[in-house]
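Notes follow the structure.
Please read these numbers as outputs of a predicted model, since none were measured by experiment.
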Amino acid sequence: MAIELAPYLTMDGNAREAITFYQQALGAEILFLKTFGEMPDNPDFPLPVEMKDKISHAALNVDGAEMMFSDAFPGNPPKLGGMLSVCLTTDEESKAKRIFDALAEEGKVELPFQKTFFSPGYGMVTDKFGIMFQIFTKGASEYK
């Protein structure tokens, strides 16, 4: 699989509204949508009740291109101008890890590269130029 790049919009609690808007405005189709309440419980990061119905991850198909969304977690509101990141997707975990490590050089690891419930290899890194990348490995999940 070639590398895919997609805009990833982090919303301030209104991702569902944005998804509906883009469905209408762009003729987008929902490929995947999960709420924070559908995620496995994590005792290290208890989920506030108000987040249960907020979007943890959604992907839309816009005429063959993907656009991704999530709501920001409480206490981490998106900063104006920082609501967009680049999601780099591959189906090769070793390739994803290599890219993650390269982007992390002189950058800042936001979320270490790791196995998650939705990906065999996922991490977030801000490169030395201040660009946020989400490195996503497809496979071993409902979202492929």
Side-chain angles (χ1 to χ4, degrees), residues 1-20 22-23 26-48 50-144:
M1 167 183 179
I3 291 174
E4 297 174 5
L5 299 173
Y8 198 111
L9 285 72
T10 302
M11 308 302 291
D12 195 12
N14 59 349
R16 193 176 303 275
E17 178 184 350
I19 289 166
T20 299
Y22 290 119
Q23 281 180 290
L26 304 176
E29 166 193 1
I30 295 175
L31 298 174
F32 183 87
L33 190 144
K34 290 288 183 188
T35 65
F36 282 100
E38 294 173 297
M39 291 172 46
D41 289 332
N42 182 341
D44 294 330
F45 298 100
L47 182 66
E50 68 270 16
M51 289 303 294
K52 289 197 184 287
D53 292 329
K54 299 295 182 186
I55 305 300
S56 66
H57 178 69
L60 302 182
N61 176 340
V62 182
D63 198 24
E66 274 192 35
M67 186 175 192
M68 300 178 190
F69 296 83
S70 69
D71 280 309
F73 209 73
N76 293 314
K79 296 176 184 118
L80 190 57
M83 298 169 62
L84 179 68
S85 59
V86 176
C87 185
L88 188 150
T89 302
T90 183
D91 59 0
E92 296 176 40
E93 185 178 352
S94 60
K95 181 187 242 181
K97 175 70 168 122
R98 181 178 46 76
I99 292 168
F100 179 89
D101 290 342
L103 291 170
E105 284 184 34
E106 298 183 53
K108 179 182 176 200
V109 172
E110 307 291 344
L111 179 71
F113 191 83
Q114 60 193 298
K115 181 178 181 170
T116 67
F117 75 95
F118 58 86
S119 172
Y122 175 79
M124 295 171 58
V125 61
T126 299
D127 71 11
K128 66 182 181 179
F129 302 104
I131 306 301
M132 167 88 72
F133 284 86
Q134 297 186 48
I135 309 301
F136 176 73
T137 309
K138 285 189 177 184
S141 75
E142 304 171 35
Y143 177 54
K144 296 182 181 186

Which value, rounded to the nearest 0.5 Å, describes the distance between Lys138 atom NZ and Asp91 atom CG?
8.0 Å
State whether the side chain of Asp71 and the backbone N or O of Asp12 hold a donor-acceptor pair below 3.5 Å, judged by distance alone.
no
Taking all non-hydrogen atoms of both residues into account, name the closest pair between Glu93 and Pro120 and its distance.
OE2-O, 3.2 Å
So, do Phe36 and Phe73 have ring centers that fall under 6.0 Å from each other?
yes
Could you check whether any side-chain N or O of Glu17 sits under 3.5 Å from a backbone N or O of Ala15, counting only pairs where one atom can act as donor and the other as acceptor?
no
Quick check: closest heavy atoms across Lys54 and Glu50, and the distance to 0.1 Å?
CG-O, 3.7 Å
So Leu31 and Leu60, do their side chains get closer than 4.5 Å, heavy atoms only?
no
Okay, side chain of Asn61, backbone of Asp63: is any donor-acceptor separation there less than 3.5 Å?
yes
Do Tyr8 and His57 have ring centroids that are under 6.0 Å from one another?
yes
Taking side chain to side chain donor-acceptor pair (under 3.5 Å) as the test, write out the residues that go with Gln23, two or more places apart.
none
Does Gly121 offer a backbone N or O that forms a donor-acceptor pair with the side chain of Thr137 under 3.5 Å?
yes
For Phe118 and Phe32: C-alpha separation, side-chain torsions, deciding distance, then whether ring pair (Phe, Tyr, Trp, His ring centres under 6.0 Å) applies.
CA-CA 11 Å; Phe118 58 86; Phe32 183 87; 8.3 Å; no
Going by the side chain to side chain donor-acceptor pair (under 3.5 Å) test, which pairs reach into residues 124-134, not counting sequence neighbours?
Ser85-Gln134, Glu110-Thr126, Tyr122-Gln134
Verdict with supporting geometry, Glu66 and Val62, side-chain contact (heavy atoms from CB on, under 4.5 Å)
CA-CA 6 Å; Glu66 274 192 35; Val62 182; over 6 Å; no
Do Ile131 and Leu103 have side-chain heavy atoms sitting under 4.5 Å apart?
no
Can you list the steps and then say if Ile30 with Ile19 is a side-chain contact (heavy atoms from CB on, under 4.5 Å)?
CA-CA 8 Å; Ile30 295 175; Ile19 289 166; 4.0 Å; yes
Please lay out, stage by stage, how Phe133 and Met124 fare under the test side-chain contact (heavy atoms from CB on, under 4.5 Å).
CA-CA 6 Å; Phe133 284 86; Met124 295 171 58; over 6 Å; no
Contact summary for Leu84 and Pro7, nearest pair of heavy atoms
CD1-CB, 3.7 Å
Going by side chain to side chain donor-acceptor pair (under 3.5 Å), name the residues that satisfy it together with Ser70, two or more places apart in sequence or in a different chain.
none
Contacts of Glu29 meeting salt bridge (charged side-chain N to carboxylate O under 4.0 Å, His left out) (sequence neighbours excluded), chain-then-number -> none
Sorted by chain and residue number, the salt bridge (charged side-chain N to carboxylate O under 4.0 Å, His left out) partners of Asp101 (sequence neighbours excluded) come out as Lys97
Distance col, row Ile135:CD1 vs Leu88:CG, nearest 0.5 angstrom, shows 4.5 Å
Taking NZ, NE, NH1 and NH2 as the nitrogens, is one of them in Lys52 or Glu38 under 4.0 Å from a carboxylate oxygen of the other?
no
Which pair of non-hydrogen atoms, one from Arg16 and one from Ile55, has the smallest distance, and what is that distance?
NH2-CD1, 3.5 Å
Asn42, CG atom: more than 12 neighbouring heavy atoms under 6.0 Å:
yes
Could you give all pairs that pass the ring pair (Phe, Tyr, Trp, His ring centres under 6.0 Å) test and reach residues 84-103, with sequence neighbours left out?
Phe100-Phe113
Worked check of side-chain contact (heavy atoms from CB on, under 4.5 Å) between Thr89 and Ile3:
CA-CA 6 Å; Thr89 302; Ile3 291 174; over 6 Å; no
Taking all non-hydrogen atoms of both residues into account, name the closest pair between Cys87 and Met68 and its distance.
SG-SD, 3.6 Å
